[in-house]
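Mind having a look at this structure? Questions to follow.
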2 protein chains.
Amino acid sequence: MTEVAGTPQDTAEGSKSQRAYTAVTARIVDGTYPPGHRLVLAAIAQDLGVSVVPVREAIRRLEAEGLVTFQRNVGATVAGIDPTEYLYTMQTLSLVEGAATALSAPLIGPEDIVRARAVNEEMRTCLEHFDPVRFTRLNQDFHAILFEHCPNPHILDLVHRGWNRLASLRSSTFRFVPGRARASVEEHDALLVLIEAGADADAIERSARAHRSATLDAYLAHAQDTRP
Amino acid sequence: MTEVAGTPQDTAEGSKSQRAYTAVTARIVDGTYPPGHRLVLAAIAQDLGVSVVPVREAIRRLEAEGLVTFQRNVGATVAGIDPTEYLYTMQTLSLVEGAATALSAPLIGPEDIVRARAVNEEMRTCLEHFDPVRFTRLNQDFHAILFEHCPNPHILDLVHRGWNRLASLRSSTFRFVPGRARASVEEHDALLVLIEAGADADAIERSARAHRSATLDAYLAHAQDTRP
DNA sequence: TGCCTACCCTTCGTATACGATTTGGTACTC
DNA sequence: GAGTACCAAATCGTATACGAAGGGTAGGCA
């Protein structure tokens, strides 16, 4: 009865499960649902104009991806980023992103390099009046250019999942450790040089991984300084 | 480890979704549902004595993990392993397992080494009257000892997922390339020596990764020989 | 006054029901 | 005999309904 044959204008991705998944994911990533936010099935269902069943399935998928945590008979909440979780996620991301970048490298064309360099320049100018959110977004754009050609879809998927997890905290490490931003831009340049020169996969992987590990280390050092 | 015998209640893991997930996963891994097998919701539900709703959720989770493929309005089938998929999975596994092993290494005690060595000896004797299925099982046991201490749960989870994917093909590469089995046992010994000696993480990671990559390469070479 | 208990309300978990879609077979036509 | 169109069975997708589990609050008792 609710299924009006037609509705060709809305962004219906076919199944309502899928739509629910897309919608909730978007809201988590864009911050509408902040970390810790309680995801009430009925509320989301009503909001999307569907029943709870598709929403449940969407939540399950998000759970499997680690974007929400779930407790039986209690419900789902948007996964927070306690420091430990941040460490795990960054460590995993350094691993898979490093590999993805190395695997991509031979497939990265000159035009990609140009684009990446442009983004990095934008980041450099962004250093002046520093905006962590904007900087983080550019950072993601930069790396996306480098790893999106990864021919192994599993690894690429893992990279995306890692970035999604981090998306919960809107601004990443750079909010806490602005000093890291400048070094990051430099390392981007070095990484591009390596790729451009056709360095072997191992060198690129090491460089990309070290780049991310350094960000993690900066955060840890910062936490060490401020916490105890 | 995680299965503490303190819950003597019935086999129910609490929720029926969970039970369905566990049951279906087990049947895929143990080969009751072979690759390509069609998973009919109603049939599984009746078999488990529940309704279709929990089964649907279980299938969704399996889909997110890549163990089943799903087609809207058609249904789920157990994910097969076409050679391309095998390549991707092995490549990913070499990555995450290498890292997991390296991260575990400092936490591996002498008694673990003893156990691992025993398993490897069993594999060595197994070489005589070669049984691919048994050998593959021992191989998994061996590696499990080495990576289970991995302190990063994300990476550990990825390793488990990789192994689960491979479990679909009951006997792995060793069925096709029995010659690889002998080399594999040797490399296991070398890996144990490294860990025992407290080698640095990078060396261990390389060694573990190369070990798995070599298996993949052996398969690819074999495929090259027989296919064209 | 402070703590404990009992109740209620919110929210989840699962079953059942029904509409929607695909698929495979069969009959009809060219 | 081959191709196409149609029909029926199987199966999926989603809505609704109801029972169950948790958490919060008010009231009573020490």
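Quick note on labels: first sequence line is chain A, next is B, and so on, each numbered from 1.
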- Item | Derivation of the side-chain contact (heavy atoms from CB on, under 4.5 Å) call for A:H143 and A:H211 | CA-CA 11 Å; A:H143 284 289; A:H211 169 60; 3.2 Å; yes
- Can you check each nucleotide of nucleotides 5-11 of chain C against protein heavy atoms at under 4.0 Å and return B for base, S for sugar-phosphate only, - for none, in 5' to 3' order? ------S
- Would you jot down, in residue-number order, the residues of residues 62-71 of chain B having a non-hydrogen atom under 4.0 Å from DNA chain C?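 Listed by number, there are none.
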- Could you give the CZ-to-C1' distance, from B:R72 to D:dT14, as a whole number of Å?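 Value for this atom pair: 10 Å.
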- Residue pair A:N139 / A:R212: nearest heavy atoms and the distance that separates them: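 So the minimum-distance heavy-atom pair works out to ND2-NH2, 4.5 Å.
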Under 3.5 Å donor-acceptor pairs involving side-chain atoms of residues 73-85 of chain B, not counting sequence neighbours:
unit_1 : atom_1 : unit_2 : atom_2 : d
B:T77  : OG1    : B:T69  : OG1    : 3.0
B:D82  : OD2    : B:T84  : N      : 3.0
B:D82  : OD2    : B:T84  : OG1    : 3.3
B:D82  : OD2    : B:E85  : N      : 3.3
B:E85  : OE2    : A:H154 : NE2    : 2.6

- Message: Quick one about A:Y86 and A:Q91 (side-chain donor to acceptor, distance below 3.5 Å, no hydrogens or angles considered), yes or no?
- Response: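 Side-chain D/A pair, A:Q91 to A:Y86: absent.
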- Message: Salt bridge check, A:R61 against B:E57: does any charged N sit closer than 4.0 Å to a carboxylate O?
- Response: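 The answer is no: the pair does not qualify as a salt bridge.
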- With a cut-off of 6.0 Å (strictly less than), are more than 12 heavy atoms of other residues, nucleotides or ligands near CD of A:Q71?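 No, because the 6.0 Å sphere around CD of A:Q71 holds 12 heavy atoms or fewer from other groups.
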- Query: In whole angstroms, how far is the C1' atom of C:dT16 from the CD atom of B:Q46?
  - Reply: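 Taking CD of B:Q46 and C1' of C:dT16, I get 14 Å after rounding.
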- Determine: side-chain N/O of B:S17 to OP1/OP2 of C:dT14, distance under 4.0 Å, yes or no.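 Yes.
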- Item | Gap between atoms CZ and C1', on B:R56 and D:dA15 respectively (whole Å) |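 Computing the B:R56:CZ to D:dA15:C1' distance gives 12 Å.
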- Query: Roughly, in whole Å, what's the span from CD1 in B:I59 to C1' in D:dT11?
  - Reply: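 About 13 Å, once rounded to whole Å.
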- Message: Taking the side chain as everything from C-beta on, heavy atoms only, tell me whether B:M90 gets closer than 4.5 Å to B:S94.
- Response: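 Contact flag for B:M90/B:S94 side chains = no.
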- Item | Earlier contact from the 5' end, DNA chain D, for B:A42 and A:V50 |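 Nearest-nucleotide comparison on DNA chain D picks B:A42.
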- Message: Quick one about A:E148 and A:H160 (side-chain donor to acceptor, distance below 3.5 Å, no hydrogens or angles considered), yes or no?
- Response: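 Yes, side-chain donor-acceptor contact under 3.5 Å.
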